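Structure, as structure tokens:
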Amino acid sequence: MSIDVVILAAGKGTRMRSDLPKVLHPIGGVPMLGRVIDAAQQLGDVAITVVIGHGAATVREQFADSGVQFVEQTEQLGTGHAVAQAIPNFRAGATVLVLYGDVPLVKTGTLQSLLSASDRGPALLSVEMANPAGYGRIVRDDAGRVQAIVEEKDADADTLAIREVNTGILAAPADLLRQWLPELSNDNAQGEYYLTDVIARSVSENITVTGVRASDPLEVAGVNSRAQQAQMERALQHSRALALMNAGVTLLDPARIDVRGRLECDTDVSIDINCVFEGEVTLGKDVHIGPNCLLKNCRLADGTRVEANSIIEDADVGAACTIGPFARLRPGTQLADGAKVGNFVETKKAKIGRGSKVNHLSYVGDAVVGENVNIGAGTITCNYDGVNKSLTEIGDGAFIGSNTALVAPVSVGAGATVGAGSTITREVSADELAVARGKQRNISGWQRPTKKS
Ligand code: UD1
Ligand code: CA
């Protein structure tokens, strides 16, 4: 069965009060429309058409490489009119699946059940709501067969009492919609072309409509305001936190973690409060993350500890390393097993060898550091001359005294020692001692100046 997905994303999203089109606002770090496209693409052989209107250029640009087609709805005349804009993209014999760019947590499995119910006629996704206000009501006959969807504004008191509502998500044979959509009328309370009117039309032609009930209201919830966006974000984060704990991760407070990408954890990982994970993050066995850390696109191997207030981005960290507190590992940092990067240390494009230590207040950028090197407090790799970046190389077992400036390009050989406070501009060979600082002079009997009267 070929599936033609139509995603409605033309509305203004007035209540967001934003310059950014609503469907580009993120949930879990991904624009809402991106989530819907992902869920649809996981169905397999799909052709996706996104109906855009408000902010069309911005939406188009952001999803230019996503493999979807766009059609523009210049005036928002209703959901039926919106889907009709995609008719030229319908393939003969296909099933059309209608989704919404602002209903971001819909699950592929639910869409699959809807699609399997729609091979002969329309299938709609409904949900029971304690408070159905604002939604279209599902009207069934005495035998429980779906008869119509009645919009709130067109409903009488009896209909308003129905708690089964339309999620808006619908699947139907393309060949029926191609015929029905252009024949919709806008003679209703809102003067709109309602997609929902295809249900009564189908019933009038003796084509059975199947109602599929969604079990999880969150999955079919839409976002119309910042408050709803935040609510949905919390709900998503809560479910992610539960999944992590079910997989054996200790979360000191499941309400204070944010995963805005994919976090994969081996056993007995523990994560303290207020940590944010972005992109793809992989944590090995027994990894500990202290409070207030941000980890983005990184891999930390078994037994590594990240202490409070550290930031790690695009980095690869070996086993049994110690990072922080207050460390910043910038892109291109690679720590071998047992390396230590301590407080107020910044690294960038730095390879730090097994067992090496950069414990305090240093900047190590564009550097290759060997094994068991000790880099003293306040050491700086001067990697930038204002135009070009240059490399600093430090051999195994070298000792760099505190407050050293290593003016790159420069290398310090294995086993070499650099005296504290040195400014190193020339190569230091293996096992040499380099001291590059003013010699100490002591003047005895020194008289301090006295205050003039
Ligand atoms: C629609 C359904 C209602 C259902 C509700 C679920 C109709 C007539 N009613 O209500 O039964 O309970 O969704 O939320 O379908 N859009 C366009 N172009 C348009 C109109 C809408 O792209 O011309 C998009 C909007 O951006 C939005 C979505 O379609 O993402 C739904 O539109 P909205 O006006 O919120 O739907 P309702 O009329 O409230
Ligand atoms: Ca409307």
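When a ligand or atom number is given, it counts from 1 through the structure's own listing order. Remember, predicted model here, so these are calculated numbers, not experimental data.
With hydrogens and angles ignored, the 3.5 Å screen pairs no side-chain donor or acceptor of Asp156 with any backbone N or O of Leu160. Side-chain N or O atoms of Ser362 include one that pairs as donor or acceptor with a backbone N or O of His360 at under 3.5 Å.
Polar contact check, Thr79 against ligand 1: a nitrogen or oxygen pair lies under 3.5 Å apart. The distance criterion of under 3.5 Å between nitrogen or oxygen atoms is not met by Val51 with respect to ligand 1. Among the atoms of Asp102, some N or O lies under 3.5 angstrom from an N or O of ligand 1. Residue Leu77 has at least one nitrogen or oxygen atom sitting less than 3.5 Å from a nitrogen or oxygen atom of ligand 1, judged on distance alone. Checking only distances, Gly136 does come within under 3.5 Å of ligand 1, N or O to N or O.
Residue Gly11 has at least one heavy-atom neighbour below 4.0 Å for each of these atoms of ligand 1: 22 (O), 26 (O). Short contacts between ligand 1 and Ala82, defined as distances under 4.0 Å to a heavy atom of the residue, involve ligand atoms 17 (C), 18 (N). For ligand 1, the atoms closer than 4.0 angstrom to any heavy atom of Tyr194 are 8 (C). Which parts of ligand 1 touch Asn166 is read off a 4.0 Å heavy-atom cut-off, strictly below it: atoms 2 (C), 3 (C), 4 (C), 6 (C), 11 (O), 12 (O). Residue Leu8 approaches ligand 1 through these ligand atoms, each under 4.0 Å from one of its heavy atoms: 22 (O), 24 (C), 29 (O).
The two residues Pro104 and Met232 have their closest heavy-atom pair at CG-SD, 3.3 Å. Shown here for Ser202 and Pro122, the closest heavy-atom pair between the two residues is OG-CD, 3.3 Å. Across all non-hydrogen atoms, the minimal contact from Asp102 to Lys22 is OD2-NZ, 2.9 Å. Across every non-hydrogen atom of Val103 and Val36, the tightest pair is O-CG2, 3.5 Å. Nearest approach of Arg354 to Ala336, heavy atoms of both residues: N-CB, 3.3 Å.
When the options Leu283, Val276, Ile311, Val317 are evaluated for a side-chain contact (heavy atoms from CB on, under 4.5 Å) with Leu295, the one that passes is Leu283.
Looking at Gln76, Gln190, Glu151 and measuring to atom 1 (C) of ligand 1, the nearest heavy atom belongs to Glu151. By heavy-atom distance, the residue among Gly101, Ala10, Gly78, Ala221 lying nearest atom 19 (C) of ligand 1 is Gly78. Ranked by closest heavy atom to atom 18 (N) of ligand 1, the top entry among Gln85, Gln73, Lys153, Glu75 is Gln73.
Other residues, nucleotides and ligands contribute at most 12 non-hydrogen atoms within 6.0 Å of the CZ atom of Arg163.
At a heavy-atom cutoff of 4.0 Å, ligand 1 is contacted by both the backbone and the side chain of Tyr135. For Lys22, no heavy-atom contact with ligand 1 is shorter than 4.0 Å. With a 4.0 Å cut-off on non-hydrogen atoms, Thr167 touches ligand 1 through its backbone and not its side chain.
Taken from CG in Leu218 to NE2 in His238, the straight-line distance is 10.5 Å, to the nearest 0.5 Å. To the nearest 0.5 Å, atoms CG (Asp158) and CZ (Arg137) are separated by 12.0 Å.
Contact analysis leaves His81 out of contact with ligand 1, as no non-hydrogen atom separation drops below 4.0 angstrom.
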